[in-house]
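Read the numbers this way: they start at 1 and go in the same order the structure lists the ligands and their atoms. Because only heavy atoms are used, hydrogens play no part in the values below, and waters and symmetry mates are left out as well, while side chains stay in.
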Amino acid sequence: MYYAPKLKQTSRTYSVPNRRPLHLCFFSARQFDQIPQIAKLPHDMRFAMQVVARVLPFRVNQYVIEDLIDWDNVPDDPIFRLTFPQQDMLTTEHFDRMANFLRKGADDKQIRTVANEIRSELNPHPAGQQILNVPVLDGRPLKGMQHKYRETVLFFPRQGQTCHTYCTFCFRWAQFVGIDELRFSASETSDLHRYLAGHKDVTDLLLTGGDPMVMKTRLLREYIEPLLQPEFEHIQTIRIGTKSLSYWPYRYLTDKDADDFLRLLESLVHGGKHVAIMAHYNHWKEMETPVVREAIRRVLDTGAVIRSQSPLVANINDDPEIWARMWRTQVRLGIIPYYMFMARDTGACHYFELPLARAWEIYRKAFMQVSGLARTVRGPSMSAGPGKIEVQGIAEINNEKVFVLRFIQGRNPDWVQRPFFARFDPEATWLNHLRPAFGAEKFFYEDEYQAICEKERGTKIPDIGTA
Ligand SMILES: *Cc1c(COP(=O)(O)O)cnc(C)c1O
Ligand code: SF4
């Protein structure tokens, strides 16, 4: 049994410099005009935002508005683009279709119909593998869980299927606009625990959402705390994927159950678990406020670690200087850089997507500038059907220009870390655009992947979601 001396208590009182505690309050698309900073923007721009927000999800809280966005730099400010809809996020055709309805004063029902038409044209279910990776317990598929890679189970708690603010690039947008009623929602705590108890090769549980940190500590505790019991000895790591360390740092400071949450993390650490907060940061600007720095420090004080991950997105962070500064800031604050992702082909992807070649160049140029302690970050990586595939580089071999690729994670663990090659294509933005190099017909994993898919599809598991 692991024993650690009692860590110092972190339940001091916190005074965040010059700041009264904020209470969480959201603005949705209907409340645009109540945001004073928005009311000052030109009419055309406000109208365009209304149009886009009728199609794509929109929600923002006061902290993001007051502390993260630089309103003197709107519309170019990256956090503004990360959270507020922009005209170009819809194609001209989609934009005009919705704009015309709004101009002629269509009623809510008509608007909803048009919105749903447009949404269905935005590839709401990327990766098209809606029946794969679903764990089965007593012959029954488990909603709200995914078990794709041997070591790690993903869990989507029902109460965590929303976020403190929505990202404009979010690949889970379909569930926030309600066309995908809570596809992932898991209701049964006992299902999770029974599944984990029966799978001794699982070492990691990853709670994800939405954002599980919208949940009250009391609920999080019900899911997590039982894992301290002996039958879960094999679960060594508990990860929580969250954007709250950017969008709502008060979750760790002044929310009523903030201290209680930190106590929970401490008790897990004392009980011998590794606790990793998988923090979602897209830009160094999210880590500059005194409030967020205090929140980070409080989390680290519990003995948990924070690892960071982010997609690479055009118009927000497609610049090596931004990434280098972001990784340096993270190392300084005690956060371990972990993943750089390629954006998924869904929603407003035409606004955000970048060619793989450009992504690799940004990664390399940022990587070059940071010390070894920030070089823990892997990427650019595509979370695709067969696995997480990283672009390792661009090379010329026997006069053929190629992408050098590897699996970081594979549906079959045996695929991991074997270099393989695709023909260079300067425009390719995703795995499905790539063709094998050197005249080969298929990538080495394709037949086996096909077989895995057929086998799983054969079990007729109902539709539950992506990747
Ligand atoms: C990324 C991912 C994981 C975690 O993989 P790690 O390499 O352990 O970080 C687990 N499950 C799914 C479905 C994923 O996409
Ligand atoms: S925090 Fe994550 S799940 Fe929530 S909107 Fe942003 S990308 Fe989507």
Of all protein heavy atoms, the one nearest atom 1 (S) of ligand 2 is K243 CB, 3.4 Å
Using 0.5 Å steps for rounding, measure from the CD atom of Q236 to the CG atom of L205.
12.5 Å
Ligand 1 to R378 polar contact by distance, N or O atoms, under 3.5 Å:
no
Would you call G209 a ligand 2 contact, heavy-atom distance under 4.0 Å?
no
Nearest-0.5 Å distance that lies between atom NE2 in H280 and atom OG in S308:
10.0 Å
Pairing of R411 and E456 as salt bridge, 4.0 angstrom limit
yes
Could you pull out, from E151, Q409, K388, the option with a heavy atom nearest to atom 15 (O) of ligand 1?
K388
Could you list which atoms of ligand 2 come closer than 4.0 Å to a heavy atom of C163?
1 (S), 3 (S), 4 (Fe), 5 (S)
Do R59 side-chain atoms and C163 backbone N/O form a donor-acceptor pair below 3.5 Å?
yes
Please state which part of R239 comes within less than 4.0 Å of ligand 1, counting heavy atoms only: side chain, backbone, both or neither.
side chain
Counting non-hydrogen protein atoms only, what is the nearest one to atom 7 (S) of ligand 2? Give residue, atom name and distance.
H280 CE1, 3.4 Å
Hey, is D257 close enough to R218 for a salt bridge, meaning N to O under 4.0 Å?
no
Under the 6.0 Å and 45° cation-pi test, does R375 pair with F367?
yes
For ligand 1, does Q146 get within less than 4.0 Å through its side chain, its backbone, both, or neither, judged by non-hydrogen atoms?
neither
For ligand 1, is there an N or O atom under 3.5 Å from any N or O atom of Y149?
no
Any salt bridge linking E288 with R293? Criterion: basic side-chain nitrogen under 4.0 Å from a carboxylate oxygen.
yes
When only distance counts, is K148 in polar contact with ligand 1, meaning an N/O pair under 3.5 Å?
no
Check each atom of ligand 1 against the heavy atoms of Y338 and keep those under 4.0 Å away; list them by number with element.
6 (P), 7 (O), 8 (O), 9 (O)
